[in-house]
Enquirer: 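I have a structure here, written as structure tokens, and I will follow up with some questions on it.
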Amino acid sequence: MTTLLAALALAIVPPSIPAPAKERAAQAPPVQAPSDLPPVPATPAAPISIVAVQPFTIAEPYRHRFRKDGAEFTSGHLIVLRAEAGFVQPRQVAEPVLCVGSQTAERLWSDPAKGLMVAIVPAWTERADGGTERPGDPSIDLVWFAAPELPERVDAAWIAAERARAEAALAGGRLSTPSTREIVRHPSLTTASQDALIARASALVPDPAAR
Amino acid sequence: MRLTHARAGGAFAAALLYTLPAFAQCPGDLDASGLVDGADLAVLLGAWGCTGACPGDLSQDSIVDGTDLGLMLAAWGECPPSTPAVEAPLAAVALSAWPWASWVDTYNSNGSVGIAIDPGQHPDLAGRAALLWVIEDRSPAEWAANANLSDARATGPQAVTCPSGTIQGNVVSLNVAGLVAGSGDAPARGYDLVLDVDQDGTLSPGDLIDGRDGGAGFWWTRDLAALGPYSTATIASHDVNDADILDSMELERVYYPTNAPGLRPIVAISHGNGHNYTWYDYLGNHLASWGFVVMSHQNDTIPGITSATVTTVEHTESFIDQHASMGGGVLAGKVDIDRIAWIGHSRGGESVTYGYDRLFDGTFTSPSYGLADIKCVIAIAPTDFLGTASANPHAVPYMLLYGAADGDVCGCPDSDIADSFNLYERATGLRHSTYVHGADHNDFNCCGTNDFSGPAGTAIGNTLAQGVAKASILAMIRRSMFDDRAMEEFLWRQNESLRAIGQASTVTVVREFKPAAGAASPIDDFQANTSTSVSTSGGAVNAAGITNLVEALANDNNTTFTWVTTDPWNGSVRNRTTDSSRAGVFDWTAAGSITWSVPASLADFTKARALSFRAAQGTRHPNTVAALGDLDLTVTLRDTNGLERSIRIGTLGGGIEEPYQRSGFGTGAVGWQAEFETVRILLGDLQSGGGAFDLSSIAMVQLRVGGADGSAQGRLLIDDLILEN
């Protein structure tokens with residue numbers, strides 16, 4: 001090649017694409033690193049314990065977005081749960097839906113390391129044995145993690161089916177009820193809005209450092 | 001005047017005159033009027049007796065005398081019709097095998113630019129001395145108005161001698177000293193190249209030019225992974241207090257350039273579930289430094305995608321409505337509300353996609369912006385809860401960024417929800433994917449749970465993953481929002497061939513790119529004419545020596561990645577059963593081929609810039625496992641005269657990527673989802689060496705595998721064999 005180049009150019013290597021690497025023979029599969037993301041546990045499953053319950057009322061209603069047929073509400077319960085990390089861990093794929101009686105709960109805050117979760121349970125009614133109705137109560141009604149799903153897609157029929165599945169598991173000894181030994185029942189709370197309610201909810205977390 | 005050098009200094013101009021116009025077609029036309037006439041004679045006579053570098057010294061004997069007068073009189077009258085300067089690619093990278101050079105356009109400013117003057121295509125230039133000019137990029141109109149050459153380098157034009165023989169080993173370096181990369185917001189600055197054969201300092205007949213007919217001869221590019229030209233500031237938290245947004249979801253963080261002129265486009269970021277709007281400082285600061293106003297907002301992801309989409313579309317509206325008053329008015333009059341890019345991560349990735357679908361369907365309308373204002377949607381590892389009809393990008397330019405070690409939206413075969421590439425496959429506009437080995441889901445934010453799921457020792461971590469993200473996202477937004485062609489090669493060239501300066505060379509990145517439907521002509525995209533013997537374009541398809549050729553919906557049909565013959569699409573977690581992206585798949589253990597006959601309507605390949613296809617290795621197939629590595633094969637074109645040109649794709653940068661060696665969802669061999677990678681062959685490269693091969697009349701395209709044509713065995717998913725216009 002007879003190329004005359006400026007002196008500076010002579011020192012520069014022209015850009016090039018390297019030749020492809022050779023293939024290699026099959027070998028033992030590499031060791032896989034464990035993920036810190038806990039797998040989604042099987043459902044139905046119960047929280048380990050209910051840590052705190054607090055009834056509330058809010059002046060400004062807002063819509064319950066954690067079920068497809070959710071209505072506006074002005075009262076309910078704040079609850080704090082302790083649960084296996086796999087239930088508490090936020091994830092992108094579907095999470096087990098937290099249900100209380102025939103209601104879904106709104107996950108507000110969670111700490112997988114401590115296994116704590118704070119949720120809002122909008123008021124609902126339970127049908128008693130005699131056909132009468134009574135207000136639902138997280139401290140006495142079934143609290144469990146139902147199948148993974150987007151809460152905004154579940155409705156009364158879905159909840160009923162999941163509840164039946166949970167009650168069957170309970171009857172069969174495959175589902176326990178959460179411990180209420182450490183439960184703290186706070187006095188009823190009245191706030192103006194959802195924002196204020198959420199701000200007050202953080203006060204329920206037992207370990208302030210975890211808030 | 002052609003014989004005076006407009007910009008060069010005196011010494012150079014003097015030297016130049018002695019190298020003149022052996023090639024000039026009208027040597028007596030001293031005033032470049034197209035005539036040799038009295039005006040020229042006056043110039044000659046005016047210089048009569050002049051010695052040295054003189055106008056009128058047509059014989060170049062350093063004196064203006066009777067010899068020159070004789071030459072002028074011999075040429076008296078109209079000049080012969082001139083041949084215009086020829087548009088010819090010059091900037092190139094060297095290849096390790098034929099075609100020995102690829103005439104690409106984009107170059108990183110920490111490297112060099114190759115110059116490949118192919119003696120096969122320009123035999124008349126072999127051995128000839130010439131000047132190589134680098135000129136600030138001009139449009140065709142600017143070239144028509146001004147043919148004078150002005151070198152952008154302080155050293156002036158570069159003396160070269162055109163190579164003889166072949167181009168092999170003859171790609172030389174351009175002297176890039178003094179070239180400036182980037183131009184304002186644009187990471188790349190365009191330059192045109194002129195091979196000034198007659199060395200007259202103008203673009204004139206017989207010269208070669210790279211970059212006259214559109215685009216630049218080459219793009220000299222800053223580091224896309226580094227901060228851009230502008231200083232940035234942040235509004236740490238702004239409460240939009242919008243009645244359409246839940247009280248608890250009203251916060252935004254805004255990143256903006258403080259010294260950028262004019263109106264700045266908007267980028268909105270929608271985080272994922274359990275994430276936070278403050279977790280994308282790396283991206284906000286990066287894009288702001290390149291001139292974008294970036295708004296990251298609280299995203300209502302926990303209930304689901306519909307809720308999250310409300311926050312995406314409403315925060316965009318609130319930002320447009322309120323930006324002028326934010327931060328004490330620092331953004332007033334500085335935001336371009338007609339240029340918006342949406343970026344979403346995980347559930348947020350689906351919410352930006354569904355947001356676009358809602359604008360498309362008209363189920364969401366805003367008085368502040370509309371469908372046409374969304375120039376680009378970028379999803380980082382999106383979920384697919386909503387499926388075919390709703391998680392649908394339609395024709396918006398769409399990018400998918402994905403980490404191969406994602407332990408959350410995992411690309412697992414047992415759930416469509418976790419299969420991000422479903423959304424990508426639905427995109428019908430310009431689309432691009434960046435697939436990053438060793439990156440997990442939360443490597444693309446600051447603070448999420450370490451969900452890495454892959455081979456020990458392959459985790460690349462946040463810093464390296466975000467380096468890839470910054471570069472590829474900037475390139476995609478620039479390409480789709482501003483039609484910035486300099487960025488396009490960062491979206492399709494193999495990572496081994498081109499990556500951002502600051503992107504670690506140790507990181508494996510697999511890229512897909514497909515132009516919008518209107519910019520491509522499918523030879524076979526497998527969407528129509530569903531027989532394996534007929535292509536989309538109606539031509540015959542013939543397979544020889546290969547086995548198990550199937551054409552169908554490219555959808556892994558079971559819940560494991562273990563290879564079984566009943567699941568030919570193993571690893572292709574890219575479709576639901578309601579989706580429609582079809583492809584082909586085959587395997588081989590000996591030499592074989594697939595041949596596509598090209599119908600007459602597509603036979604003129606000179607109308608296209610590139611021939612491309614995408615391909616992926618078959619997950620955990622015995623042939624894949626037996627020879628781990630990038631898979632190589634040969635693409636052959638045959639013209640209607642039976643002449644062929646063949647190129648090994650490995651020559652372009654490594655072949656079809658070796659699958660990431662991730663385990664799970666099965667036993668035995670490892671490997672994960674199908675890693676489709678685009679192979680784009682610049683058709684001009686196939687003219688290397690010249691000859692009679694006729695690109696205007698192509699009869700067939702052939703993939704050759706095995707034997708002497710590439711990897712001895714393999715299994716290949718293949719799709720989108722197209723001509724890119």
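In the text below, chain A, chain B and the rest are named by the order of the sequence lines, each starting its count at 1. Here the structure is a predicted model, which is why all the values come from computation and not from measurement.
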Enquirer: Please name the pair of heavy atoms, one in Val93(B) and one in Ile17(A), separated by the smallest distance, quoted to 0.1 Å.
Expert: CG2-CD1, 3.9 Å
Enquirer: What closest approach, in Å, do Ile302(B) and Glu95(A) show between heavy atoms, and which atom pair accounts for it?
Expert: CG2-OE1, 4.3 Å
Enquirer: Between Ser35(A) (side chain only) and Asp451(B) (backbone N and O only), is there a donor and an acceptor less than 3.5 Å apart?
Expert: yes
Enquirer: Kindly give the heavy-atom pair with the smallest separation between Pro90(A) and Asn273(B), and that separation in Å.
Expert: CB-O, 4.3 Å
Enquirer: Going by heavy atoms in the side chains, are Ile305(B) and Leu150(A) under 4.5 Å from each other?
Expert: yes
Enquirer: Tabulate, in ascending numerical order, the residues of residues 152-167 of chain A having at least one heavy atom closer than 4.5 Å to a heavy atom of chain B, or enter 'none'.
Expert: Glu152(A), Arg153(A)
Enquirer: Report, by ascending residue number, the residues of residues 60-77 of chain A in heavy-atom contact with chain B at a distance under 4.5 Å; give 'none' if the set is empty.
Expert: Glu60(A), Tyr62(A), Arg65(A), Phe66(A)
Enquirer: Pick one of side chain, backbone, both or neither for Ala405(B), based on which atoms fall under 4.5 Å of a heavy atom in chain A.
Expert: neither
Enquirer: Take Gln32(A) and Ser453(B) through the test side chain to side chain donor-acceptor pair (under 3.5 Å) and record every step on the way to the result.
Expert: CA-CA 7 Å; Gln32(A) 305 289 305; Ser453(B) 185; 5.8 Å; no
Enquirer: Please report the closest heavy-atom contact between Ser193(A) and Asp247(B), naming both atoms and the distance.
Expert: CB-OD2, 4.3 Å
Enquirer: Where is the tightest heavy-atom contact between Ser112(B) and Pro15(A), given as atom of each residue plus distance?
Expert: OG-CD, 3.1 Å
Enquirer: Which one, Gly668(B), Gly671(B), Ala456(B), leads in non-hydrogen pairs under 4.5 Å with chain A?
Expert: Ala456(B)
Enquirer: I want to check something: taking the side chain as every heavy atom from C-beta on, are Val670(B) and Pro30(A) in contact at a cut-off of under 4.5 Å?
Expert: yes
Enquirer: Identify which of Glu496(B), His275(B), Gln494(B) forms the greatest number of heavy-atom pairs closer than 4.5 Å to chain A.
Expert: His275(B)
Enquirer: With side-chain contact (heavy atoms from CB on, under 4.5 Å) as the test, pick out the partner of Gln92(A) among Asp406(B), Thr301(B), Val409(B).
Expert: Val409(B)
